[in-house]
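To start, the structure itself, in C-alpha cells.
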Amino acid sequence: MLSTMQDVPLLISRILTHGSTIHGTSQVITWTGEGEPHRRSFTEIGDRAAQLAHALREDLAVAGDDRVATLAWNNAEHVEAYFAIPSMGAVLHTLNLRLPPEQLAWIVNHAADRVVIANGSLLPLLAPLLPHLKTVEHVVVSGPGDRSLLAGVGTVQVHEYEELIAGKPTTYDWPELDERQAAAMCYTSGTTGDPKGVVYSHRSIYLHSMQVNMAQSMGLTDEDTSLVVVPQFHVNAWGLPHATFMTGVNMLMPDRFLQPAPLAEMIETQKPTHAAAVPTIWQGLLAELTAKPRDVSSLTQVTIGGSACPPSLMEAFDKLGMRVCHAWGMTETSPLGTVARPPANVVGTDAEFAYRLTQGRFPTSVAARLTGPGGERLAWDGESAGELEVRGPWIAGAYYNGVGAEPLRPADKFSEDGWLKTGDVGTISADGFLTLTDRAKDVIKSGGEWISSVELENALMSHPDVAEAAVVAVPDDKWGERPLATVVLKEGSTADFETLRAFLADEGHIAKWQLPERWSIVETVPKTSVGKFDKKVLRRRYAEGELDVTNLSGQHI
Ligand code: ADP
C-alpha cells in the first residue's frame, strides 16, 4: 500500500524561498578588509539569485544540466550562485582555488564547465588557465580585481556580474525538478591521488542540511551568526550555506581575509557565536590570540573537522571559552559523518573530554560498519580497529566519470554491496562513537604492528614548545616502516629531540616501541589545498633527501 502523503521533491529552490522570506532579515556579512563589512539580507540574496538565474538562462543560454563553476572566496555573491544555479536546474561546480593550476584545468575540462563565475581577486589565477579550458564559453567577474588580465585570452566572453544581473526580475519561476537530479559537484582535494568528482543531488543536500541543523550536530538558530571559514569550495562549506538558509543563521564570510589577524578582528567586531574550519586555521588563530589577546567571548561553539583535532588545541580553546565540537566527514559524505557531542549521562570533565576528542557519533542517516583486513565485520567494542565503511542518503555511491560515461565505482572505494570505503581506520564504541586512529595509507606498519601517526602528532603538539608536528612512515630495513617525526618549534624554543622523545613516553603515554627515532625540524608542515598536513609531500621530501634528519643514536641519516 502506498502512503497518502504528498510527494513533494526536496529541492534547493525550496531552501532559498524559505530562507529569503521566512528569514528575510538574516544577513550574509562579507569582510572587505577595510571599514565596515558588507551586509546583504537573505531577501536581497533571494532577489539577486533570481536575477542571476535569469541572466544565466537568457544571456548565457545556460540550460539543462550545464555546469556553472565558481572560482570564489566565501562571500555574498558566492551564496547567490549556490542557490541560483541548482535552483534553475543547472549544476554548481565549486572550484578549489588552492589546487595547482594544471589540476584545476583538468577538473574544469573533466566536468565540462560552460561558465565560470569568478572573483576579481582570483583573475591572476584564472587568466593563464583560460586557454587550457576547453569547454568554458563565459567568465562572469564579481568584486575588485584587474579585469585587464582577461584581455586577449581567446574566445571566452567576459561579463561583469553586477551588469549582467542588473534590471533582471527579482523573482524566478523555479522549476519542479527531480530531487535526485545533480545540484552541485565538488572534486576531492586529491590528498590521496587524482581528484574524483562527487555529485550531490537536491535531495542529498536538503537532507544533509537538516542534519547539520539538528541540535546533535551544529544546532544553530536565527539568534546565531556563523563565521564560515571553511571554504565554499571545500565540500559546500560543510553544508553551512544551505543549513543557515533553513534556519536563518547569519553568515559571516571572510572573503579572502583568512589570515589569523583579520579572523581575530572579525570575531571581536562582528561577534559570531559559531565558527567552522580545519585545525590548522585554529592553530594559527590561537597563536594570534596568544600574541595579541582580543575579546572573543561571543564565540562559544567552534566546529573543527577535516583532520583530527589535537587535544592541546581543544584544551586551549576551552580555556578561551570557545567550546570545540569535533566532527568527521569527507567530500564523499557531504561531509557530515559524525559529530562529537558527549552522551547525556557522561559527567565529569575528563570523561566528557574523552568523548569530545573522538570523531563523534553517527546520525540516524549514516549507517556505519568496520571491516577488518580479511574483509570480516568487526565489533563495535571500542577496540577492534578496521576500515570504516558508511552508507546513507548523503553518502556518495560512485564518482562522476565525465560527460555521458557511466559513473565510476572503483573496488577500493565502494564495497560490492554499495557501501563507501572511507580509507579511514578506527574503532567504534558500543554507543556509536567513532575514534579514528589514522588514514589507511598514513598508518605506520612497523614489524607487523600498527603505529598511529595521529596519536604521535597529537602527543607532540601538546608539548609547550611545539607549534606543529607531522609524523609519516619511512622505510626501515629491519621493521619495514618506522615513524619520522617532523616538528615545527615555537619561536625561541630550545627543546631538543631527546626531550621531545622523553615527553612522548612520559606525558604522551606512547609505548616505547612506537617512539620515533628519526626526527627533523621543519619551518612549516606542508599543507594541502584545504589546509591539511600534506604527508605525501613530506614522504617525497624524505625520499629525495631534502630533509635534515637526525636519528637519536646520534647517526646522521
Ligand atoms: P581529501 O581526502 O582530499 O583530504 P576530504 O576533505 O574529503 O579531502 O578529506 C576527508 C578525509 O579527511 C577523511 O577521510 C579523513 O581521513 C579526514 N578527516 C576529516 N575529518 C576528520 C577528523 N575529525 N579527524 C580525523 N580525520 C578527519
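When a ligand or atom number is given, it counts from 1 through the structure's own listing order.
Residue-ligand proximity, Trp328 to ligand 1, at heavy-atom distances under 4.0 Å covers atoms 13 (C), 15 (C), 18 (N), 19 (C), 20 (N), 21 (C), 23 (N), 27 (C). Interface atoms of ligand 1 facing Gln359, defined by a heavy-atom separation under 4.0 Å, are 22 (C), 23 (N), 24 (N), 25 (C). Counting the atoms of ligand 1 from 1 in the order shown, those under 4.0 Å from a heavy atom of His326 are 22 (C), 23 (N), 24 (N). Contact atoms of ligand 1 toward Arg439: 1 (P), 2 (O), 4 (O), 9 (O), 10 (C), 11 (C), 12 (O), 13 (C), 14 (O), 15 (C), 16 (O), 17 (C) (distance under 4.0 Å to a heavy atom of the residue). Listed by number with element, the atoms of ligand 1 under 4.0 Å from a non-hydrogen atom of Ala327 are 20 (N), 22 (C), 23 (N). Which parts of ligand 1 touch Gly306 is read off a 4.0 Å heavy-atom cut-off, strictly below it: atoms 12 (O), 17 (C), 18 (N), 19 (C), 20 (N), 21 (C), 27 (C).
No side-chain N or O of Gln232 forms a donor-acceptor pair with one of Thr94 less than 3.5 Å apart. With 3.5 Å as the limit, one finds no donor-acceptor pair spanning the side chains of Ser453 and Asp442.
Ring geometry, Tyr187 versus Trp106: the interplanar angle exceeds 60°, so the pair is classed perpendicular (tilted spans 30 to 60°).
Trp73 is linked by a ring pair (Phe, Tyr, Trp, His ring centres under 6.0 Å) to nothing, counting only residues two or more places apart in sequence or in another chain.
Within the structure, ligand 1 has Ser307 among the residues with a heavy atom less than 4.0 angstrom away. Within the structure, the closest approach of Val530 to ligand 1 does not fall below 4.0 Å when heavy atoms are considered.
Annotation: Thr331 places an N or O atom under 3.5 Å from an N or O atom of ligand 1; distance criterion only. Note: no N/O pair closer than 3.5 Å links Ile304 and ligand 1 by distance alone.
Under 4.0 angstrom from ligand 1, the non-hydrogen atoms of Asp424 all belong to its side chain. Residue Cys309 does not touch ligand 1, judged by heavy-atom distances below 4.0 Å.
Residue nearest to atom 9 (O) of ligand 1, selected from Met330, Lys532, Lys196: Lys532 (by heavy-atom distance).
No side-chain donor-acceptor contact under 3.5 Å links Asn96 to the backbone of Val530.
Between the CE atom in Met218 and the OG atom in Ser226 there is a gap of 7.5 Å [rounded to 0.5 Å].
In this structure, Arg369 forms a cation-pi arrangement with Trp419, its terminal cationic atom sitting closer than 6.0 Å to the ring centre and no more than 45° off the ring axis.
Closest approach of His326 and Arg356 over heavy atoms only: CB-O, 3.4 Å.
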**OP:** Take Asn75 and Asn119, measure what side-chain hydrogen bond (donor to acceptor under 3.5 Å, both in side chains) needs, and give me the verdict at the end.
**Re:** CA-CA 10 Å; Asn75 52 39; Asn119 285 158; 3.0 Å; yes
